Amino acid sequence: MSEVLSRREFLASTAVGLAATTALEIPHPMRPPRPLPPQSRWAAKPVVVSSANGLRAVQKAFDMLMQGADTLDAAIEGVKIQELDPNDDSVGYGGLPNADGVVQLDASCMHGPTKRAGAVGALEGIKTPSEVAKLVLKYTNHIFLVGEGAKRFALQYCFKEEDLLTEHAREVWLHWRANLNPDDDYLDVPEAEHMAVRPTGTINCDCVTPAGDVSSVTTTSGLAFKVPGRVGDSPIVGAGQYTDNDIGAAGSTGRGESNIKVCGGFLTVEHMRRGMKPADACLETLKRVVKLSEARLLDERGRPRFDLKFYAVNKRGEFGAASLFPGRFAVHDGTEAKLMDAAYLYERPAASR
Ligand code: ASP
């Protein structure tokens, strides 16, 4: 392949670079955006995958990759859209609280090019834990900060402390509490207003740049009404997400406890290292999850009573996702931001208990 840029290619890439440095305002960037080489010299097909709530995230992150942004900067700016959205009650501001009515957030991320990782757990009062996880990654000799220390760290970097419990989230929590025990002193909420299921959710996002640089981030308010102090899989490097810049990245949403036991983010990347395509790697990890599930979590036919999903990209820009039951994921692979069907293991979930 020619190393010499045509005049047209040079002008085009410079224009993109200039636009990028002026248009992109990334707090604490891993590196400033830089001009993309001409397409003929791309090492990978750039791609962004995310959980199904990440349609706007994949659009934002992909746009940033096309402006020459760093892989992790793009992923974080993508998921921040959900963190800041009060209507997504599974992530960041507006997330459903723990059993005490307190919103506690978890996030972790990995940056392929620098081989770094960062995470925060049980963080209160800060809307964008993914960004705080990136700062742990960028500015400290540590990987994982939790609770009060994580909050103090964020405040030192000028994050604002805010009330994260929206009116909607408070109401859902009060309903949950009232219906918890028919014999307590809170009057039960009428049947018609009951929550059908205990809501779950999270956002994972994985990015591959045209240079083949890979990153991943997962951020969540965790299991709704969790025991205070509980952290799930999302902030655990190797479970909620994992990146190896030589191979690819993977992340997860769904029942965190089931993922932690198989180190699912790491395991999925290891399956890709052995040559599996991303969707197959995700399916293989889910089979391990089922194998390691306690009997109380399976029905009489061995089907899980919970859901779990994995999302993966490899260094070439191939991507895929798999779920225990039919489900979707978001992707931008250069055409448009869209939802696609994930591969799956079982047609229908067993009734949950
Ligand atoms: N994985 C998250 C957790 O266990 C929850 C979810 O994705 O629904 O905290």
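Side chains are part of it too, since the values below use all heavy atoms of this structure and drop only hydrogens, waters and symmetry mates. Predicted model, so just to flag it, every value in this text is computed and none were measured. All ligand and atom numbering here is 1-based and tracks the order in the structure.
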Regarding ligand 1, does [X] bring an N or O atom to under 3.5 Å of one of the ligand's N or O atoms?
X: Asp106; answer: no
X: Gly256; answer: yes
X: Thr220; answer: no
X: Arg255; answer: no
X: Gly232; answer: no

Is the ring centre of Phe325 less than 6.0 Å from the ring centre of Tyr344?
-> no
Would Phe153 and Tyr139 count as a close aromatic pair, with their ring centres under 6.0 Å?
-> no
Quickly, which of Glu131, Glu83, Lys80, Gln241 forms a side chain to side chain contact (heavy atoms under 4.5 Å, CB included) with Thr219? Name it, please.
-> Glu83
Leu105, Asp106, Val132 screened by side chain to side chain contact (heavy atoms under 4.5 Å, CB included) with Val120, the one that passes = Val132
Heavy atom of the protein closest to atom 8 (O) of ligand 1 (residue, atom name, distance) = Gly201 N, 2.7 Å
Give the residue and atom name of whichever protein heavy atom lies nearest to atom 7 (O) of ligand 1, and the separation in Å to one decimal.
-> Thr202 OG1, 2.5 Å
Parallel under 30°, tilted from 30 to 60°, perpendicular over 60°: which one fits the rings of Phe62 and His332?
-> parallel
Taking the six-membered ring for Trp, are Phe329 and Tyr311 parallel (under 30°), tilted (30 to 60°) or perpendicular (over 60°)?
-> tilted
Who are the salt bridge (Lys or Arg N to Asp or Glu O under 4.0 Å) partners of Asp73, not counting sequence neighbours?
-> Lys134
Show me which atoms of ligand 1 lie under 4.0 Å from any heavy atom of [X].
X: Gly254; result: 1 (N), 2 (C), 3 (C), 4 (O), 5 (C), 6 (C), 7 (O), 8 (O)
X: Thr253; result: 7 (O)
X: Gly222; result: 9 (O)
X: Leu223; result: 9 (O)
X: Asp233; result: 1 (N), 2 (C), 3 (C), 4 (O)

Do Gln67 and Asp63 meet the criterion of a side-chain donor-acceptor pair at a distance under 3.5 Å?
-> no
Within the 4.0 Å heavy-atom cut-off, what Arg230 brings close to ligand 1 is side chain
Axial cation check for Phe306 ring with Arg255, 6.0 Å and 45° limits = yes
Do any heavy atoms of Lys226 fall under 4.0 Å from ligand 1?
-> no
